[in-house]
J.: 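Sharing a structure, written as structure tokens. Questions coming.
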Amino acid sequence: MGETKLKIAIQKSGRLHDGSVNLLRECGIDVINGINKLKTESSNFPLELYFFRDDDIPQYVEDAVADIGIAGENVVYESNRKVGVVEDLGFATCRLSIAVRKGDQYDGASFLEGKKIATTYPLLLQQFLDKNQVKAEIHQISGSVEIAPGIGLADAICDIVSSGSTLFMNGLKEAEMILKSRTVLIKNGNLSAEKEALLEKLLFRVQAVKKAKNNKYILLNAPNENLQQIISYLPGMKSPTVLPLAQPGWSSVHSVLNENDFWEIIEKLKSAGAQGILVVPIEKMIL
Ligand code: PRP
Ligand code: ZN
């Protein structure tokens, strides 16, 4: 009997591909660069990788062609498939938005009344229209949605926006966001106990990588008379490490800071007399 392997579906090419492979590598999972474009595996983790169009990933996970998958919430919700959302992966967040011609005066959803909107997201678009009690004609196409207004096929589009450059190049502007979409890990609802255990192992690593990205390691020199004050600004994992410096009256303080509070705390530390502040990235973080 062969070893159980977890099958993961990731995007073949496009916005999520590199981020997905990088995340696995940051989790210490070697991905073999095979010539086979459909499938490869890891040399040091029981994982098989399948490369699919992102829009197809929820279906393949529901049907157990793959056990888990990496996809945007946009395709997960649009597909309406029964899959479990396991974890926000924290990369390649995007927006599903309505976009109109650059010169149009968009003054709210009623602008769309009676108009023709091209999209690959008919379900999510219809929900938005219903919620706003707008009647519009949805023109479902399978790709290159952004060229539809320019060739007279539609008055507006509903599509993914990331940097906004696709819209800009096509003479369009973002008018309204209808979904903020995170990139998530999804799973099939009936995984075997062995596969659930492998998924736990993978998730443990993903969470360590994510935490590390959100935190920085900080080292600084503190005058002893302000040590307690400085320590009170530093959360640390348990509490900060304090070591005496060779120079009397000074200590070296080490701690971990959350990215979000970073600048505010640095300001406070400086005004409490901290010197020689070093901030370094953390590769992995296990609590
Ligand atoms: C989306 C969308 C645009 C592009 C927008 O495609 O359809 O082509 O990304 O990005 P920008 O704002 O940075 O220019 P997606 O990544 O979902 O791939 P797909 O439509 O090929 O599946
Ligand atoms: Zn797609």
Side-chain angles (χ1 to χ4, degrees), residues 8-24 37-39 49-63 65-66 68-83 85 87-104 106 112 115-129 136 138-187:
I8 185 170
I10 69 171
Q11 191 186 30
K12 187 165 53 185
S13 66
R15 242 169 8 91
L16 303 185
H17 174 84
D18 290 350
S20 303
V21 174
N22 284 343
L23 177 67
L24 293 175
K37 279 283 166 58
L38 181 67
K39 191 184 144 185
L49 288 85
Y50 290 82
F51 301 109
F52 296 130
R53 283 186 54 221
D54 65 338
D55 317 58
D56 296 334
I57 289 176
Q59 181 187 344
Y60 285 137
V61 171
E62 183 187 52
D63 296 345
V65 174
I68 59 174
I70 297 179
E73 286 175 311
N74 50 307
V75 301
V76 176
Y77 297 151
E78 178 66 32
S79 74
N80 211 10
R81 297 284 170 169
K82 285 190 195 61
V83 294
V85 173
E87 179 87 16
D88 170 10
L89 297 176
F91 69 89
T93 304
C94 63
R95 314 184 283 282
L96 180 64
S97 292
I98 305 279
V100 298
R101 292 189 187 92
K102 207 170 52 200
D104 286 341
Y106 184 91
L112 301 168
K115 297 240 168 47
K116 208 169 178 182
I117 312 169
T119 191
T120 53
Y121 297 88
L123 185 79
L124 294 172
L125 174 57
Q126 189 63 60
Q127 283 170 3
F128 168 80
L129 294 173
I138 297 179
H139 190 67
Q140 185 178 351
I141 52 181
S142 59
S144 303
V145 171
E146 60 277 358
I147 66 171
I151 59 174
L153 208 63
D155 307 298
I157 67 167
C158 170
D159 198 15
I160 292 301
V161 182
S162 173
S163 64
S165 67
T166 302
L167 293 184
F168 181 80
M169 287 187 310
N170 288 280
L172 302 172
K173 64 176 181 189
E174 189 173 3
E176 179 144 24
M177 177 178 86
I178 71 175
L179 171 76
K180 186 161 184 209
S181 173
R182 306 169 305 167
T183 302
V184 291
L185 189 71
I186 55 173
K187 72 163 183 173

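Note that ligands are numbered from 1 as they come in the structure, with each ligand's atoms numbered from 1 the same way.
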J.: Is any protein N, O or S atom closer than 2.8 Å to the Zn ion (ligand 2), and if so, which?
T.: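 Counting only protein N, O or S atoms under 2.8 Å from the Zn ion (ligand 2), the list reads D54 OD1, D55 OD1.
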
J.: Could you tell me which non-hydrogen atom of K12 sits nearest to which non-hydrogen atom of H17, and how far apart they are?
T.: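 That would be O-ND1, 3.1 Å.
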
J.: To the nearest 0.5 Å, tell me how far D155 CG sits from D104 CG.
T.: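 Atom-to-atom, D155:CG and D104:CG are 8.0 Å apart.
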
J.: How close do Q11 and R15 get, counting heavy atoms only, and between which atoms?
T.: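 Scanning both residues completely, I find the closest heavy atoms to be OE1-N, 3.4 Å.
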
J.: What are the two closest non-hydrogen atoms of C94 and N74, and how far apart are they?
T.: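 In this case the closest contact between C94 and N74 is SG-OD1, 4.2 Å.
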
J.: With a 3.5 Å cut-off and no angle check, do the side chains of E146 and T166 form a donor-acceptor pair?
T.: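 On atom types as modelled, these side chains do not qualify, holding no pair under 3.5 Å.
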
J.: Might you point out which heavy atoms bring G143 and T120 nearest each other, and give the distance in Å?
T.: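 Taking G143 first and T120 second, the nearest heavy atoms are N-CG2, 3.9 Å.
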
J.: Quick one: ligand 1 N/O to protein N/O pairs below 3.5 Å?
T.:
from: ligand 1; atom 1: 7 (O); to: D159; atom 2: OD1; distance (Å): 3.4
from: ligand 1; atom 1: 7 (O); to: D159; atom 2: OD2; distance (Å): 2.8
from: ligand 1; atom 1: 12 (O); to: S162; atom 2: N; distance (Å): 2.8
from: ligand 1; atom 1: 12 (O); to: S163; atom 2: N; distance (Å): 3.1
from: ligand 1; atom 1: 12 (O); to: G164; atom 2: N; distance (Å): 2.7
from: ligand 1; atom 1: 13 (O); to: S163; atom 2: N; distance (Å): 2.8
from: ligand 1; atom 1: 13 (O); to: S163; atom 2: OG; distance (Å): 2.6
from: ligand 1; atom 1: 14 (O); to: S165; atom 2: OG; distance (Å): 3.3
from: ligand 1; atom 1: 14 (O); to: T166; atom 2: N; distance (Å): 2.9
from: ligand 1; atom 1: 14 (O); to: T166; atom 2: OG1; distance (Å): 2.5
from: ligand 1; atom 1: 16 (O); to: R15; atom 2: NE; distance (Å): 2.6
from: ligand 1; atom 1: 22 (O); to: D54; atom 2: OD1; distance (Å): 3.1

J.: Looking only at heavy atoms, what is the nearest atom pair of R101 and K173, with distance?
T.: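 It is O-CE, 3.8 Å.
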
J.: Rounded at 0.5 Å granularity, tell me how far CD1 in I68 sits from CD1 in I8.
T.: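 Between I68 CD1 and I8 CD1, I get 4.0 Å after rounding to 0.5 Å.
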
J.: If we only count heavy atoms from C-beta on, is the I178 to I98 side-chain gap below 4.5 Å?
T.: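 They are in side-chain contact.
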
